[in-house]
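Single-structure report; data block below.
For the numbers below, each heavy atom of this structure counts, side chains included, while hydrogens, waters and symmetry mates do not. Just so you know, these numbers come straight off a predicted model, no measurement behind them.
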Number of protein chains: 2
Amino acid sequence: MTEIVNKMDVLKSYIETKGLKSTAQRDYIADTFFKTNTHISLDELLKKVKRKTPNIGYATVYRTMKLLTESGLAIARQFGDGQTRYENLPEDGHHDHIICIKCSRIAEFSNQKIEQLQMEAAKKLGFTVVNHKLELYGYCPDCV
Amino acid sequence: MTEIVNKMDVLKSYIETKGLKSTAQRDYIADTFFKTNTHISLDELLKKVKRKTPNIGYATVYRTMKLLTESGLAIARQFGDGQTRYENLPEDGHHDHIICIKCSRIAEFSNQKIEQLQMEAAKKLGFTVVNHKLELYGYCPDCV
DNA sequence: TGGTTAGATGATAATAACTTTCATTTTCAA
DNA sequence: TTGAAAATGAAAGTTATTATCATCTAACCA
Ligand SMILES: [Mn+2]
Ligand SMILES: [Mn+2]
Ligand SMILES: [Zn+2]
Ligand SMILES: [Zn+2]
């Protein structure tokens with residue numbers, strides 16, 4: 001609850017800073033997205049949004065998610081199925097993913113030791129790490 | 001040297017097993033690819049191949065790389081720049097990548113401890129890992 | 001409060017990287 | 001040598017994303 005209000009405030013503030021305008025469509029798309037706890041695609045989000053506002057366009061959903069990503073409220077992910085998926089910025093920090101190659105179920109995990117070892121591996125090569133992508137692919141408990 | 005001959009033999013053998021036919025185009029594309037030690041895109045490979053055989057088509061390069069990937073001689077990679085890149089199957093086993101977000105330089109590393117921890121993280125969630133993708137993004141030594 | 005105008009919207013067109021189709025050519029076993 | 005099966009190259013089709021453009025609309029102001 002307070003969560004979503006907060007996120008909406010962050011968005012409003014970002015919009016103001018950038019000299020943009022507030023619209024009902026954008027608010028509703030953002031609100032709908034903030035209420036999801038999945039890794040949602042644009043098509044899925046559009047479908048959800050169209051249930052209340054059927055006249056909304058794909059382009060507006062696309063532009064809104066772009067805005068949310070820019071403002072840091074959403075994270076864009078690519079799990080190799082050909083389409084970008086968005087998730088809410090996790091309040092408990094960064095996490096990585098494990099994806100079932102049979103049913104597409106996605107689980108999340110975070111491991112500080114792995115992050116540490118990544119840094120070290122990079123340092124050994126003279127690189128500085130800004131971000132990373134770690135995805136495990138395999139079978140979930142239900143798919144053996 | 002012996003390397004490439006070996007790879008060509010593996011390819012020949014794969015082609016025979018599948019009931020396919022041998023062609024000059026395929027041989028030349030494969031040979032050109034086997035001689036690269038980069039993570040090469042289809043366009044880059046086509047360009048290289050066209051220097052000797054200008055009449056060769058994109059589709060043939062595409063189909064040859066598909067074949068090499070199926071046969072295990074090539075690995076297809078996605079580094080987030082929108083196009084698939086191919087690399088030769090490394091003889092020293094699996095490795096992961098670190099990509100410079102300024103100059104696109106790609107370095108490779110492998111860390112057994114990280115692999116181990118990944119397995120454990122997956123197991124904790126009841127998943128079985130079949131493969132994984134680990135990419136670090138940051139700055140290379142030349143780009144600070 | 002009505003006018004102005006920069007930004008937003010939604011339909012549609014354009015991209016870009018594949019992927020497939022198809023007419024023609026080539027391979028290769030009989 | 002021949003004919004069926006596979007390969008090739010040009011071109012068309014896909015699909016997800018991004019841009020364009022003719023209206024709309026929000027927000028500031030006289
Ligand atoms: Mn997630
Ligand atoms: Mn590599
Ligand atoms: Zn599953
Ligand atoms: Zn660099």
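By the neighbour-count criterion of 12 heavy atoms within 6.0 Å, atom OH of B:Y139 is sparsely surrounded, having that number or fewer from other residues, nucleotides or ligands. By the 6.0 Å contact criterion, CD on A:E16 is open, its count of non-hydrogen atoms from other residues, nucleotides or ligands being 12 or less. The neighbour count for B:K50 NZ, taken as heavy atoms of other residues, nucleotides or ligands under 6.0 Å away, is above 12.
Nucleotide C:dA8 holds its P atom 14 Å from the CD atom of A:E16, rounded to whole Å. If you measure from atom CD of B:Q25 to atom C1' of D:dA10, you get 14 Å, rounded to the nearest angstrom. Whole-Å rounding puts the B:F79 CZ to C:dA17 C1' distance at 17 Å. Residue A:L67 contributes atom CG, which lies 14 Å from atom P of D:dT18 at whole-angstrom precision. Atom-to-atom, NZ of B:K66 to P of C:dA17 comes out at 19 Å; the value is rounded to the nearest Å. Atom-to-atom, CG of A:L11 to C1' of C:dA8 comes out at 14 Å; the value is rounded to the nearest Å. For the pair B:R26 CZ and D:dA5 P, the computed distance is 17 Å after rounding to whole Å. Rounding to whole angstrom units, OH of residue A:Y28 and C1' of C:dA8 are separated by 19 Å.
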Sequence neighbours excluded and cut-off under 3.5 Å, please list the side-chain donor-acceptor pairs for residues 117-125 of chain B, or say none.
unit_1, atom_1, unit_2, atom_2, d
B:Q118, OE1, B:H132, ND1, 3.4
B:E120, OE2, B:Q116, NE2, 3.0

Just the atom pairs and distances: protein N or O near nucleotides 28-30 of chain D's N or O, under 3.5 Å.
none

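Taking 4.0 angstrom as the limit, A:T84 places a side-chain polar atom (N or O) nearer than this to OP1 or OP2 of D:dT17. For the OP1/OP2 pair of D:dA10 and a distance below 4.0 Å, the side-chain nitrogens and oxygens of B:Y58 include no atom meeting the criterion.
Relative ring orientation between B:H97 and B:H95 is described as perpendicular, the plane-to-plane angle rising above 60° on a 0-90° scale split at 30° and 60°.
Checked against a 6.0 Å centroid threshold, the rings of A:H39 and A:F79 count as neighbours.
If you find the closest nucleotide of DNA chain D to B:T60 and to A:D81, the one lying nearer the 5' end belongs to B:T60.
Relative to the side chain of A:Y62, the nucleotides D:dA19, D:dG9, C:dA8 differ in distance, and D:dA19 lies closest. Between C:dC18, D:dG9, C:dG10, one nucleotide has an atom nearer to the side chain of B:Q83 than all others, and that is C:dC18.
Of the residues in residues 35-45 of chain A, not one comes within less than 4.0 Å of DNA chain C through any heavy atom.
Applying the side chain to side chain contact (heavy atoms under 4.5 Å, CB included) criterion to B:K21, with sequence neighbours excluded, gives no partner residue. Residues that satisfy the side chain to side chain contact (heavy atoms under 4.5 Å, CB included) test with A:N131, not counting sequence neighbours, are B:Y137.
Panel note: side chain B:N88, backbone B:T36; a donor-acceptor pair is recorded below 3.5 Å.
Atoms CZ and OG, on A:R77 and A:S41 in that order, are 15.5 Å from each other to the nearest 0.5 Å.
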Quick tally for nucleotides 20-27 of chain D: nucleotides whose base has a protein heavy atom under 4.0 Å get B, sugar-phosphate-only ones S, the rest -, giving B-----BS
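Under 4.0 Å is where a charged nitrogen must lie from a carboxylate oxygen, and between A:R85 and A:E44 at least one such pair does. Salt-bridge annotation for A:D31 and A:K35: present, with a side-chain N of the basic residue lying under 4.0 Å from a carboxylate O of the acidic one.
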